[in-house]
Protein chains: 2
Amino acid sequence: MRDVQDVFAGFLEKRGLSLTRQRREILGVFLDAKRHLTVEGVYNIAKKKVVRAGYTTVFRTMKLLREAGIAKEVNLGGKIVKYERRYGHEHHDHLVCLECGSFVEALDPEIEKLQNKLCNKFDFTPRRHRMEIFGTCRRCRRRKHKP
Amino acid sequence: MRDVQDVFAGFLEKRGLSLTRQRREILGVFLDAKRHLTVEGVYNIAKKKVVRAGYTTVFRTMKLLREAGIAKEVNLGGKIVKYERRYGHEHHDHLVCLECGSFVEALDPEIEKLQNKLCNKFDFTPRRHRMEIFGTCRRCRRRKHKP
DNA sequence: CTTTTTTTGAATTTGAATTTCAATTTCAAT
DNA sequence: ATTGAAATTGAAATTCAAATTCAAAAAAAG
Ligand SMILES: [Mn+2]
Ligand SMILES: [Mn+2]
Ligand SMILES: [Zn+2]
Ligand SMILES: [Zn+2]
């Protein structure tokens with residue numbers, strides 16, 4: 001995606017930072033990956049690239065991507081931080097399988113509406129939210145019932 | 001609350017563990033505290049008590065309380081784990097203020113219903129969920145507009 | 001080219017969570 | 001009361017991802 005690179009370049013410029021080769025490649029790795037990635041995960045892919053990047057640089061770049069609105073921290077259960085795309089990937093919630101760790105991304109406009117209504121009731125101004133449902137996915141349920 | 005003590009005693013018995021003075025006092029500290037507490041927070045209160053308890057014992061007891069269904073881990077933003085009462089404190093979601101860190105506990109039965117509906121759509125069996133809305137509380141909004 | 005500033009990444013530090021293990025306590029059997 | 005096995009405790013050690021440090025390398029400015 002061309003314009004994500006542009007967004008990052010713009011962000012860096014505004015901050016007086018430069019778009020180095022490492023930063024460009026780390027963004028590339030992150031965008032190419034489909035699933036949610038840990039810093040370590042990004043690092044493992046990045047170190048095989050033409051321009052290798054150290055763990056620290058990946059760590060710092062993920063932070064920049066977060067600040068630029070390109071990446072988003074997610075925390076599906078465990079304590080390790082994962083990142084997912086944010087730019088060009090609308091807000092959504094997660095249904096996380098407790099058996100296999102897989103997850104589905106879902107969005108229910110009705111729920112989102114009611115969330116705002118709930119905030120009104122408490123005179124609360126919402127900025128962002130997080131909703132995760134933990135349970136058993138279809139495949140795991142089947143695996144249990146007819147093995 | 002008498003019956004929480006009983007629940008804990010029952011749980012410990014089932015596990016072949018005994019209700020020691022430390023465990024009883026740690027539970028007492030936890031129940032007396034209104035707000036969500038970290039292990040460190042429980043420890044700080046506990047160490048002033050008649051029967052002092054070490055950090056490790058508090059840590060392990062909080063784990064037992066969790067397994068007994070008396071305590072529940074919550075994670076409102078930051079990375080440190082907090083515990084809140086679970087027994088006699090029905091499921092609820094949180095509206096967390098990003099300015100002052102305060103929060104409101106709320107429950108919307110409509111949302112809960114739609115969550116189940118959403119799960120049906122994905123053939124997903126829900127077990128538990130977590131929903132947190134981050135934003136600005138009434139007081140903080142006022143503080144900003146007319147200081 | 002020379003100087004200044006930024007960036008990088010190996011190494012170190014941090015901090016909460018968790019484990020280890022020797023000392024202590026509990027408790028049932030002599 | 002005495003013994004001893006089993007459970008409990010808690011100070012200390014360990015773990016491990018997150019965050020920081022700092023000297024070398026690279027880039028930008030002059
Ligand atoms: Mn996602
Ligand atoms: Mn709560
Ligand atoms: Zn599954
Ligand atoms: Zn507030």
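Each chain gets a letter, A, B and so on, in the order its sequence line appears, and its residues count up from 1.
Heavy atoms of Arg52(B) sit under 4.0 angstrom from primed sugar atoms or phosphate atoms, though from no base atom. Among the protein residues, Thr38(A) comes within range of no part of the nucleic acid, since none of its heavy atoms lies under 4.0 Å from any strand.
With rounding to whole Å, Glu13(A) atom CD is found 14 Å from dA28(D) atom C1'. Regarding Arg23(B), its CZ atom lies at a distance of 9 Å from the C1' atom of dT9(D), rounded to whole Å.
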Could you pull out the protein-nucleic contacts involving nucleotides 17-26 of chain D (nitrogen or oxygen on both sides, under 3.5 Å)?
residue	atom	partner	partner atom	Å
dA18(D)	OP1	Val81(A)	N	3.4

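The shortest heavy-atom contact between Phe134(B) and Leu76(B) is CE2-C, 4.2 Å. Taking all atoms of both residues into account, the shortest heavy-atom contact from Pro126(A) to Ile133(B) is CB-CG2, 3.7 Å. Of all heavy-atom pairs spanning Arg141(B) and Phe124(A), the tightest one is NH2-N, 4.3 Å. Nearest heavy-atom pair, Asn75(B) versus Ile80(B), reported as atom, atom and distance to 0.1 Å: ND2-O, 3.3 Å. For the residue pair Met62(B) and Ala71(B), the shortest heavy atom distance occurs at CE-CB, 4.4 Å.
Using a 4.0 Å cut-off between charged nitrogen and carboxylate oxygen, Glu73(B) and Lys82(B) do not count as a salt-bridge pair. In summary, Asp93(A) and Arg130(A) do not engage in a salt bridge, as defined by a charged side-chain N under 4.0 Å from a carboxylate O. A salt bridge is absent between Glu99(B) and Arg139(B): the closest approach of a Lys/Arg side-chain nitrogen to an acidic carboxylate oxygen does not fall below 4.0 angstrom. Using a 4.0 Å cut-off between a side-chain N of Lys or Arg and a carboxylate O of Asp or Glu, Lys117(B) and Asp108(A) do not qualify as a salt bridge.
Counting only Watson-Crick or G-U wobble pairs whose defining distances are both under 3.5 Å, the stems of 3 or more consecutive pairs in DNA chain C are C:1-30 with D:1-30.
Applying the 4.0 Å criterion to OP1 and OP2 of dG10(D), one finds that Thr57(B) has a side-chain N or O inside that range. Contact annotation: Thr20(A) side-chain N/O to dA27(D) OP1/OP2 distance is not under 4.0 Å.
For the side chain to side chain donor-acceptor pair (under 3.5 Å) with His91(B), the lone residue among His129(B), Glu105(B), Arg128(B), Arg86(B) that qualifies is His129(B).
In this structure, His36(B) has its ring center closer than 6.0 angstrom to the ring center of His94(B).
Scanning DNA chain C 5' to 3' for nucleotides with an atom closer than 4.0 angstrom to a non-hydrogen atom of chain A gives a first and last hit of dT7(C) to dA11(C).
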